[in-house]
Amino acid sequence: PQPLKGIQNAFKKVERQLIEKSHIIEGHVKHHDDLIQGTVTRLFKKEGYGFIQSTLGDDYYFSLANVKGRQLQEGTRVEFIERISPAGLQANKIKKSG
């Protein structure tokens, strides 16, 4: 009887894992993006865009429409979510750090 109980528990565990995975695949579970830290290196306010250099040295394009508060200057420390587009790395949901 004891080995049978262990097998039943193993099947229940696998069943729960499959249900969790199917929820992720079907989009029922929200994925949280990692925030990246960086510094605004170039800002073109009139044109509505700029560039951020991440702490790892990568350069990201951003549109001012993606900035919360929109009060950035060159040298401002920010955090953002990375997006990869055909044009290259982009920063979205940008806000001042700390």
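Computed from heavy atoms alone, side chains included, the values below leave out hydrogens, waters and symmetry copies. Just so we're clear, the structure is a prediction, and the values are computed from it rather than from any experiment. Along the sequence shown, the residues carry numbers beginning at 1.
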Within the 4.5 Å heavy-atom criterion, are S54 and Q37 side-chain neighbours or not?
no
At their closest point, which heavy atom of V40 faces which heavy atom of Q73, and how far apart are they?
CB-O, 3.5 Å
For residues 83-98, which residue pairs qualify under salt bridge (Lys or Arg N to Asp or Glu O under 4.0 Å), counting only residues two or more places apart or in two chains?
D33-R83, E79-K95
Would you say I84 and F80 are hydrophobically clustered, going by side-chain heavy atoms of ILVMFWY under 4.5 Å?
yes
Is any side-chain heavy atom of I52 closer than 4.5 Å to a side-chain heavy atom of F62?
yes
Contacts of type side chain to side chain donor-acceptor pair (under 3.5 Å), residue E82, not counting sequence neighbours
Y60
Using ring-ring contact (aromatic ring centres under 6.0 Å, His included) as the criterion, list what pairs up with F44, not counting sequence neighbours.
Y49
Taken in chain and number order and not counting sequence neighbours, the residues that satisfy side-chain contact (heavy atoms from CB on, under 4.5 Å) with T39 are R77
Derivation and outcome, side-chain contact (heavy atoms from CB on, under 4.5 Å), residues L43 and L64:
CA-CA 9 Å; L43 190 58; L64 287 176; 4.0 Å; yes
Check the hydrophobic clustering (I, L, V, M, F, W, Y; side-chain heavy atoms under 4.5 Å; chains of links allowed) and say if F51 and L89 are grouped together.
no
Could I get the full list of side chain to side chain donor-acceptor pair (under 3.5 Å) partners for S85, not counting sequence neighbours?
Q90
So I36 and I81, side-chain contact (heavy atoms from CB on, under 4.5 Å) or not? Walk me through it.
CA-CA 6 Å; I36 297 175; I81 296 172; over 6 Å; no
Sequence neighbours left out, what pairs pass salt bridge (Lys or Arg N to Asp or Glu O under 4.0 Å) with at least one residue falling in residues 46-61?
none
